[in-house]
Structure formats: C-alpha cells, structure tokens
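Just below is one structure, and these are the notes that go with it.
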Amino acid sequence: MADWQSIKVSKVKAYFSKFEKEILAIRNLIEQNSTQLDASSKLHKVPYLLNNILTLEDAFLCLRTLIKNGNTLEKGLANVCLGVLGNVNQENKFYKALVNVYESVVKSPSDEPSSAIRKKCAICFQEAFEHSDFVIGGWENLPDQAGHIFIYNHLLNHPYNTLPNNFQLTLDSHFVSSMILQKKYGDPELG
C-alpha cells in the first residue's frame with residue numbers, strides 16, 4: 001500500500017474511533033424511525049455523510065436544512081441529531097478552519113511579502129484554534145520584550161488533520177507562533 005493510502009486509511013480509522021459513539025447513536029436513531037420516514041428523506045443520508053471528515057459539512061447542512069424545511073418528524077430528529085453531534089460539529093469547524101489556513105496561504109498574491117503571509121497564517125490559525133480546547137500555562141513567565149528563542153519538541157502530525165490533498169499542517173509549531181508569539185509580541189516570528 002502506498003504511503004498516501006495508509007495516511008488516508010489511518011485518517012478514517014482515527015475519525016471513526018474519535019466519534020464512533022455519536023455516529024452510532026445517530027445511525028440507531030434514524031434506523032429506529034426509518035419506517036416512519038419517507039423513503040426519500042434526506043435523513044437517511046446523514047449516517048453515511050458522517051462517516052468521512054470530507055462529508056461532515058454536508059451532514060450538518062442536511063440537518064440544518066431539515067430543521068427549517070422538513071416535516072414534523074424530520075425537524076425533530078434533525079434537532080436531536082444536531083444535539084448529539086455537538087463535539088463532531090466543533091471538530092468540523094476546526095477542520096474547515098485548517099482548510100481556510102491552507103487556502104489563505106496558497107492563494108496569496110505572489111508579490112505579497114513572506115512576513116505578511118506568515119502573519120496572515122498566524123491569524124487564521126488563531127481562528128482555527130478557537131474551535132479547540134487548550135490551556136496555556138505560564139503566560140506570566142514569558143519575557144515582556146521580543147527577541148528570545150523558543151525551543152520545543154516537534155510532534156508528529158496526526159493523520160486526521162491531513163487535508164484532502166495530503167498536505168499536513170504542523171499544528172504544534174503553528175500553535176506556538178499564532179497563539180503565543182503573535183498574541184504576545186504581535187508577530188509570529190518574534191520570540
């Protein structure tokens with residue numbers, strides 16, 4: 001198996017194990033009500049759309065649409081589904097934000113200075129990390145003035161955060177540059 005294929009397989013396995021209970025709950029809820037739903041109800045698609053990070057947004061769009069336009073049963077079930085999928089929705093927002101980071105960099109004008117692109121990247125990463133839980137301890141111990149070197153162990157990228165084009169964003173280094181250096185010193189390169 002090629003390396004990129006193993007990354008995709010690992011990515012799918014990581015996704016399933018992370019949200020297995022939520023996906024199973026949705027699948028069971030829809031199955032239990034399947035005889036009362038129209039055969040053409042979009043709810044039947046939701047468990048399948050939840051099976052891949054690339055179709056998560058489609059699942060949420062389907063559920064939000066059904067809450068507005070579905071029949072009474074569809075509205076109720078879609079509402080319950082959205083409640084069960086709260087953590088999955090947060091993960092979906094984080095993943096979409098990672099895609100936004102990538103696109104903001106690769107779609108930058110060729111004449112844009114690299115420092116401006118790095119700053120834009122750091123700001124986009126700040127928006128992405130808003131969709132995750134983290135605690136920064138020891139903020140008060142950081143030097144007030146820039147000009148210091150930050151050393152940390154670089155972690156491996158988790159296959160789950162690999163973009164559809166197999167690009168991997170180094171979340172650990174971007175966390176340091178965006179959530180610490182950019183916030184504290186106003187520049188993702190200064191430490």
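When all heavy atoms of His44 and Leu37 are compared, the closest pair comes out as NE2-CB, 3.8 Å. Taking each heavy atom of Ser104 and Cys124 in turn, the nearest pair found is OG-SG, 3.5 Å. The nearest pair of heavy atoms linking Ser178 to Gln126 is O-NE2, 2.8 Å.
Aromatic ring orientation, Phe134 versus Phe129: perpendicular (interplanar angle above 60°, classes split at 30° and 60°). The aromatic rings of His174 and Phe125 sit parallel to each other, their planes meeting at less than 30°, with 60° as the upper class boundary.
Residues Tyr48 and Leu54 do not share a hydrophobic cluster, clusters being chains of Ile/Leu/Val/Met/Phe/Trp/Tyr side chains in contact below 4.5 Å. Put simply, Phe175 and Leu163 are part of the same group of oily side chains (I, L, V, M, F, W, Y) that touch within less than 4.5 Å, one to the next. With hydrophobic clusters built from ILVMFWY side chains whose heavy atoms lie under 4.5 angstrom apart, Val84 does not share a cluster with Leu24. Hydrophobic clustering (ILVMFWY, side-chain heavy atoms < 4.5 Å, transitive): Val105 and Val176 are in distinct clusters.
The backbone N or O of Ser40 sits nowhere less than 3.5 Å from a side-chain atom of Asp38 that would complete a donor-acceptor pair. Side-chain N or O atoms of Thr55 include one that pairs as donor or acceptor with a backbone N or O of Leu49 at under 3.5 Å.
The neighbour count for Lys45 NZ, taken as heavy atoms of other residues, nucleotides or ligands under 6.0 Å away, does not exceed 12.
Within the 4.5 Å cutoff, no side-chain heavy atoms of Val106 are placed close to those of Phe167. The closest side-chain heavy-atom distance from Leu98 to Leu171 is below 4.5 Å. No side-chain heavy atom of Ile23 sits under 4.5 Å from any side-chain heavy atom of Pro47. Between Met179 and Ile136, the closest side-chain pair of non-hydrogen atoms falls below 4.5 Å. In this structure, Asp187 and Leu181 have side chains that are not in contact, with every pair of non-hydrogen atoms separated by 4.5 Å or more. Inter-residue side-chain proximity for Tyr95 and Leu56 is flagged as unmet; no heavy-atom pair is nearer than 4.5 Å. No side-chain heavy atom of Phe19 sits under 4.5 Å from any side-chain heavy atom of Leu85.
The one candidate from His131, Glu57, Glu91 that meets the side-chain hydrogen bond (donor to acceptor under 3.5 Å, both in side chains) condition with Lys96 is Glu57.
In summary, the side chains of Ser41 and Glu74 do present a donor paired with an acceptor at a separation below 3.5 Å, with no hydrogens or angles considered. Remark: the Lys42 side chain and the Thr65 side chain contain no N/O donor-acceptor pair separated by less than 3.5 Å.
Legend: salt bridge (Lys or Arg N to Asp or Glu O under 4.0 Å) pairs involving residues 129-151, not counting sequence neighbours, sorted by first then second residue: Asp144-Lys184.
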Report task. Would you check, one step at a time, whether the test side chain to side chain contact (heavy atoms under 4.5 Å, CB included) holds for Leu43 with Leu73? Result -> CA-CA 10 Å; Leu43 269 174; Leu73 179 60; over 6 Å; no
Query raised in the report: Can you check side chain to side chain contact (heavy atoms under 4.5 Å, CB included) on Lys183 and Trp139, steps first, answer last?
Result: CA-CA 11 Å; Lys183 283 193 173 196; Trp139 190 267; 4.0 Å; yes
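Distance check, rounded to the nearest 0.5 Å: SG of Cys81 to CG of Leu66 gives 9.0 Å.
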